[in-house]
2 protein chains.
Amino acid sequence: MNEHQTRLEEVIAKLRANGHRLTPQRMAVLKVLVRDREHLNVEQIYEHVKADFPMTSLATIYKTVNVLKEMGEVMELGFHDDCARFDGNPCPHPHLICINCKKIMDIDIDDLDELPREVARRKGYQIISHRFEFYGICPRCQETSN
Amino acid sequence: MNEHQTRLEEVIAKLRANGHRLTPQRMAVLKVLVRDREHLNVEQIYEHVKADFPMTSLATIYKTVNVLKEMGEVMELGFHDDCARFDGNPCPHPHLICINCKKIMDIDIDDLDELPREVARRKGYQIISHRFEFYGICPRCQETSN
DNA sequence: TTACTAGAGGAAAATGATTATCTATTAGTA
DNA sequence: TACTAATAGATAATCATTTTCCTCTAGTAA
Ligand SMILES: [Mn+2]
Ligand SMILES: [Mn+2]
Ligand SMILES: [Zn+2]
Ligand SMILES: [Zn+2]
């Protein structure tokens with residue numbers, strides 16, 4: 001469960017190194033995003049943080065998430081038909097998304113790491129990152145629709 | 001240049017079959033999206049259409065693009081850090097995106113069609129579609145930044 | 001411990017892309 | 001040619017996100 005405790009501490013250290021502060025609200029955001037590795041939108045993060053700090057403002061979540069994004073410690077996911085989701089793992093990795101319940105999960109797929117290099121070579125682009133996303137209906141939602 | 005003329009006519013037929021009308025403004029949108037296969041945002045489509053029909057309203061472009069999207073004849077691209085882009089080819093296919101000039105181009109990559117089936121089998125998901133997108137800096141933008 | 005100060009929080013207004021509304025117009029059909 | 005439902009255009013509304021502005025506090029150093 002505290003599988004990503006180490007990275008949590010790294011991000012905290014980097015925050016301080018960049019002249020930022022570790023407030024209780026920020027700590028709560030970091031816990032849910034970086035340590036627990038959920039793929040949540042701002043509203044959902046807000047609910048988590050409010051459980052501990054009821055006075056929290058939604059703007060604070062937005063500001064915190066943007067600070068983390070600018071530091072490259074969090075990545076933004078999701079498309080235009082839904083609001084933005086955030087991932088505490090900023091390294092590009094494939095996702096599996098249920099279009100019904102909107103759940104986003106990580107998946108492992110071998111042999112994808114070579115693709116960016118291959119594209120860079122063929123097209124002359126300097127590849128910075130990539131996205132591989134699969135959209136479908138999860139097993140639970142398939143049952144429900146019967 | 002009129003490589004996709006046939007599909008343009010198919011989309012027109014489908015529009016009519018669904019009880020929609022082919023207006024001059026819609027025809028202009030179809031030409032730039034379906035026939036010319038550009039990856040444009042609403043504002044850019046608007047500029048194209050206004051060249052022929054100066055009184056066109058931006059809302060008309062949004063409505064047309066949404067009709068086409070609901071019919072499954074156009075797909076929406078792009079992420080939260082930019083406004084939506086539209087692709088006249090609704091079949092999932094990989095894209096190469098310059099994060100500097102925002103140009104989006106189609107690329108051919110073999111052996112990607114099996115991936116969705118593989119994921120479906122392993123995870124029990126019913127896969128509907130997918131996205132493969134590579135982000136980088138195009139050759140032209142690499143030169144400019146020297 | 002205390003004091004200092006730049007960074008952060010909270011509340012609310014502003015923004016910007018997208019959607020909805022409301023008539024007047026018109027494409028498609030008989 | 002006439003009819004009618006769909007569409008265009010103009011504009012208001014919506015909604016996620018950003019900005020503003022002022023107060024508060026985390027981190028630091030005396
Ligand atoms: Mn992830
Ligand atoms: Mn394309
Ligand atoms: Zn589901
Ligand atoms: Zn470029």
Side-chain angles (χ1 to χ4, degrees), chain A residues 9 11-31 33 39-71 73-86 102, chain B residues 9 11-30 33 40-71 73-86 102:
Chain A
E9 281 154 22
V11 174
I12 291 171
K14 189 161 176 182
L15 258 180
R16 293 212 166 99
N18 287 32
H20 292 293
R21 291 180 188 165
L22 182 63
T23 63
Q25 296 91 333
R26 261 180 200 176
M27 188 60 182
V29 173
L30 286 175
K31 276 180 180 166
L33 276 188
H39 299 88
L40 302 180
N41 62 33
V42 169
E43 203 71 41
Q44 292 168 323
I45 300 170
Y46 181 47
E47 293 307 321
H48 273 269
V49 176
K50 268 205 301 191
D52 287 333
F53 307 97
M55 300 304 290
T56 305
S57 168
L58 190 56
T60 297
I61 311 297
Y62 274 105
K63 283 184 260 194
T64 295
V65 146
N66 281 334
V67 164
L68 294 170
K69 207 172 62 171
E70 278 155 28
M71 294 195 330
E73 299 302 320
V74 147
M75 84 185 305
E76 195 171 344
L77 295 178
F79 293 89
H80 290 287
D81 44 12
D82 197 18
C83 56
R85 304 249 175 174
F86 293 89
K102 309 291 185 186
Chain B
E9 280 155 22
V11 174
I12 291 170
K14 189 162 176 180
L15 259 179
R16 294 212 164 100
N18 287 33
H20 293 294
R21 293 179 188 166
L22 181 64
T23 63
Q25 296 89 335
R26 261 180 199 176
M27 189 59 183
V29 173
L30 287 174
L33 277 188
L40 302 180
N41 63 32
V42 170
E43 203 72 40
Q44 293 168 321
I45 300 170
Y46 182 47
E47 293 307 321
H48 273 269
V49 176
K50 268 205 301 190
D52 287 333
F53 306 97
M55 299 305 289
T56 305
S57 166
L58 190 56
T60 297
I61 311 297
Y62 274 105
K63 283 183 270 194
T64 296
V65 146
N66 281 334
V67 164
L68 294 170
K69 206 171 65 174
E70 278 155 29
M71 294 194 329
E73 299 302 320
V74 148
M75 81 185 305
E76 197 171 342
L77 296 178
F79 293 89
H80 290 286
D81 44 12
D82 197 17
C83 55
R85 302 249 175 173
F86 293 88
K102 310 291 185 186

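Numbered from 1 within each chain, the chains take letters A, B, ... in sequence-line order.
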To the nearest angstrom, the CZ-C1' distance between B:F86 and C:dA17 comes to 11 Å
Testing D:dG9, C:dA8, C:dT18 for proximity to the side chain of A:T23, the answer is C:dA8
Q) Taking the side chain from A:T56 and the backbone from A:F53, do they hold a donor-acceptor pair closer than 3.5 Å? A) yes
Per nearest nucleotide of DNA chain C, the residue lying toward the 5' end, A:R26 or B:V42, is A:R26
Side-chain atoms of A:T56 come closest, of C:dG10, C:dG9, D:dG27, to C:dG10
To the nearest angstrom, the CD-C1' distance between B:Q44 and C:dA17 comes to 14 Å
Whole-Å distance, A:M55 CE to D:dT23 C1', equals 13 Å
Mind checking A:E43 for me? I need base, sugar-phosphate or nothing, with any heavy atom below 4.0 Å counting as a touch.
nothing
- Determine yes or no for a side-chain-to-main-chain donor-acceptor pair under 3.5 angstrom, with A:E70 supplying the side chain and A:V67 the backbone. no
note: B:M27, atom CE; D:dA8, atom C1'; distance rounded to Å ~ 18 Å
Stepwise side chain to side chain contact (heavy atoms under 4.5 Å, CB included) check, A:L33 with A:V65
CA-CA 9 Å; A:L33 276 188; A:V65 146; 4.2 Å; yes
Please state whether the phosphate of D:dT18, meaning OP1 or OP2, lies under 4.0 angstrom from any side-chain nitrogen or oxygen of A:N66. yes
note: B:R85, atom CZ; C:dA17, atom C1'; distance rounded to Å ~ 14 Å
Side-chain contact check for A:A84: nearest option of D:dG9, C:dA11, D:dT17 is D:dT17
(message) Check the phosphate of C:dT26 against B:R21, side-chain N and O only, distance under 4.0 Å to OP1 or OP2. Yes or no?
(response) no
Steps toward salt bridge (charged side-chain N to carboxylate O under 4.0 Å, His left out) verdict (A:R85, A:E76): CA-CA 6 Å; A:R85 304 249 175 174; A:E76 195 171 344; over 6 Å; no
Out of C:dG9, D:dA26, C:dG28, minimum distance to the side chain of B:R16 belongs to C:dG28
**Q.** Distance-only donor-acceptor test (3.5 Å): side chain A:K63, base C:dG7
**A.** no
A:R26 side chain to A:R21 main-chain N or O, any donor-acceptor pair under 3.5 Å? yes
- Look at the side-chain N and O atoms of A:S57 and state whether any lies under 4.0 Å from the OP1 or OP2 oxygen of C:dG9. no
message = Check this one for me: any side-chain N or O of B:Q25 less than 4.0 Å away from OP1 or OP2 of D:dG9?
response = yes
In whole angstroms, the gap separating C1' of C:dA8 from CG of A:N18 amounts to 15 Å
Rounded to whole Å, the OH-P distance (A:Y46 to C:dG9) equals 13 Å
B:Y62 atom OH is separated from D:dT11 atom P, nearest whole Å, by 17 Å
